[in-house]
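Heads up: numbering here begins at 1 and tracks the sequence.
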Amino acid sequence: MPKIQELDRIVVEFASLLGSGDHYPLSAESQMWLVCETTEPATPPVWRALGNVQWAYSFMSSVCQKMAVEAELKQRLVNGKALKAEAYIGHWRQAMKTPRSLADLSVFGIQLLGSVSKPVKGLLEEAKRSPEKHVEEAMESPFVTERTDDKVTWTVPLTSLGNLKAYMGFASIWLSSEIYPDQVNEVLVGPSGAGNAAASAGLTFDLFAGMELAA
């Protein structure tokens, strides 16, 4: 199995962006964790997100269950060095002490992209069932990057509070995962200035009315 070479990591905080207002489902505890990796034989370094917007304890659980185990088994090296699991976890604890804001990510030449895909059939059913959620308006959002007869995909550069709330709103449109198992909700890492940076001021619908975060 090719070894993973971990080169850097970033904890992204949203508290400085959110301020003291109510921005449900976001909170001052919301974070994103990013890691820069390459594999042997050498491949170009790539930044990736460990998951979606979550609280720190959820990310740490993932790190402990997977990445720290890889480090212990010498399948994951940190700057070329093999580390015990606890020493590896310590690197993430250190990153937690010096979190970065969304604006800071431009220094690394990267930005976060929230990507959500949901089936058209399920969206239309939800729009009919709960018109107060403005699902049909969401389907016409400037953040829609793909729409077919089967699905709608939104791609949102997470560069502002308005964009971040829009992404969380799209993700919050709840459709049963048993009936519609092919839904996508993920955060990608792209180059700074990636396209489709639609102005959040153009989002006139209220995506949060009566919504709950999808599991």
Side-chain angles (χ1 to χ4, degrees), residues 4-21 23-39 42-63 66-67 76-79 88-117 141-145 153-172 184-203 207 213:
I4 300 169
Q5 291 277 1
E6 184 171 319
L7 306 176
D8 204 354
R9 65 211 58 79
I10 302 174
V11 170
V12 182
E13 54 82 18
F14 298 120
S16 59
L17 182 68
L18 299 177
S20 59
H23 301 292
Y24 176 83
L26 299 166
S27 74
E29 288 76 25
S30 298
Q31 294 184 345
M32 276 300 314
W33 286 21
L34 312 178
V35 63
C36 183
E37 300 169 329
T38 183
T39 57
T43 58
V46 173
W47 283 97
R48 69 177 179 89
L50 300 191
N52 303 316
V53 180
Q54 304 177 72
W55 286 17
Y57 74 85
S58 296
F59 286 115
M60 184 56 76
S61 176
S62 176
V63 165
K66 184 176 188 296
M67 299 166 75
R76 174 177 293 272
L77 307 180
V78 176
N79 295 318
Y88 174 77
I89 293 169
H91 281 274
W92 281 104
R93 291 191 176 123
Q94 185 60 39
M96 292 172 66
K97 295 178 181 179
T98 56
R100 302 278 189 160
S101 68
L102 284 176
D104 292 336
L105 296 184
S106 61
V107 175
F108 299 87
I110 59 178
Q111 73 175 17
L112 303 183
L113 302 168
S115 179
V116 178
S117 291
S141 161
F143 289 117
V144 173
T145 51
T153 299
W154 298 270
T155 305
V156 186
L158 306 184
T159 52
S160 67
L161 179 57
N163 286 17
L164 186 61
K165 292 179 72 173
Y167 159 65
M168 296 296 284
F170 301 136
S172 297
V184 174
N185 174 22
E186 59 185 350
V187 174
L188 310 174
V189 184
S192 295
N196 195 45
S200 59
L203 305 176
L207 286 166
L213 267 179

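- The two residues Ala15 and Glu13 have their closest heavy-atom pair at N-OE1, 2.9 Å.
- Rounded to the nearest 0.5 angstrom, Leu158 CG and Leu113 CG are separated by 7.0 Å.
- For the atom pair CZ (Arg9) and CG (Leu7), the distance works out to 9.0 Å, reported to the nearest 0.5 Å.
- The line from CG of Leu188 to CG of Leu112 is 9.5 Å long, rounded to the nearest 0.5 Å.
- The one candidate from Leu105, Leu50, Asp8, Val11 that meets the side-chain contact (heavy atoms from CB on, under 4.5 Å) condition with Leu34 is Leu105.
- Here the CG-CD distance, from Leu18 to Glu29, works out to 9.5 Å after rounding to the nearest 0.5 Å.
- Side-chain contact between His23 and Phe14 is absent, with no heavy-atom pair separated by less than 4.5 Å.
- Scanning all heavy atoms of the two residues, the minimum distance from Ser27 to Trp55 falls at OG-NE1, 3.2 Å.
- Within the 3.5 Å criterion, the main-chain N or O of Pro157 finds a donor-acceptor partner in the side chain of Asn163.
- The two residues Ser115 and Thr153 make their nearest non-hydrogen contact at OG-CG2, 4.3 Å.
- With Thr43 contributing its side chain and Thr38 its backbone, the two residues share no donor-acceptor pair below 3.5 Å.
- Ring geometry for Tyr88 versus His91: interplanar angle of 30 to 60°, hence tilted.
- Residues Gly51 and Met32 approach most closely at O-CE, 3.1 Å, considering heavy atoms.
- Annotation: the span from Arg76 atom CZ to Met67 atom CE amounts to 4.0 Å, rounded to 0.5 Å.
- Taking the six-membered ring for Trp and thresholds of 30 and 60 degrees, Trp92 and Trp33 have nearly parallel ring planes, at less than 30 degrees apart.
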Next on the checklist: As a quick check of understanding, evaluate side chain to side chain contact (heavy atoms under 4.5 Å, CB included) for Met96 and Met60, giving each step before the final call.
Outcome noted: CA-CA 10 Å; Met96 292 172 66; Met60 184 56 76; 3.7 Å; yes
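- With Ser30 as the partner, the side-chain contact (heavy atoms from CB on, under 4.5 Å) test is satisfied by one option alone out of Leu17, Val12, Val53: Val53.
- In terms of modelled atom types and a separation under 3.5 Å, the side chain of Asn52 and the main chain of Asn185 share a donor-acceptor contact.
- For the atom pair OG of Ser172 and OH of Tyr167, the computed distance is 9.0 Å after rounding to the nearest 0.5 Å.
- Shown here for Ser106 and Ala103, the closest heavy-atom pair between the two residues is OG-O, 3.0 Å.
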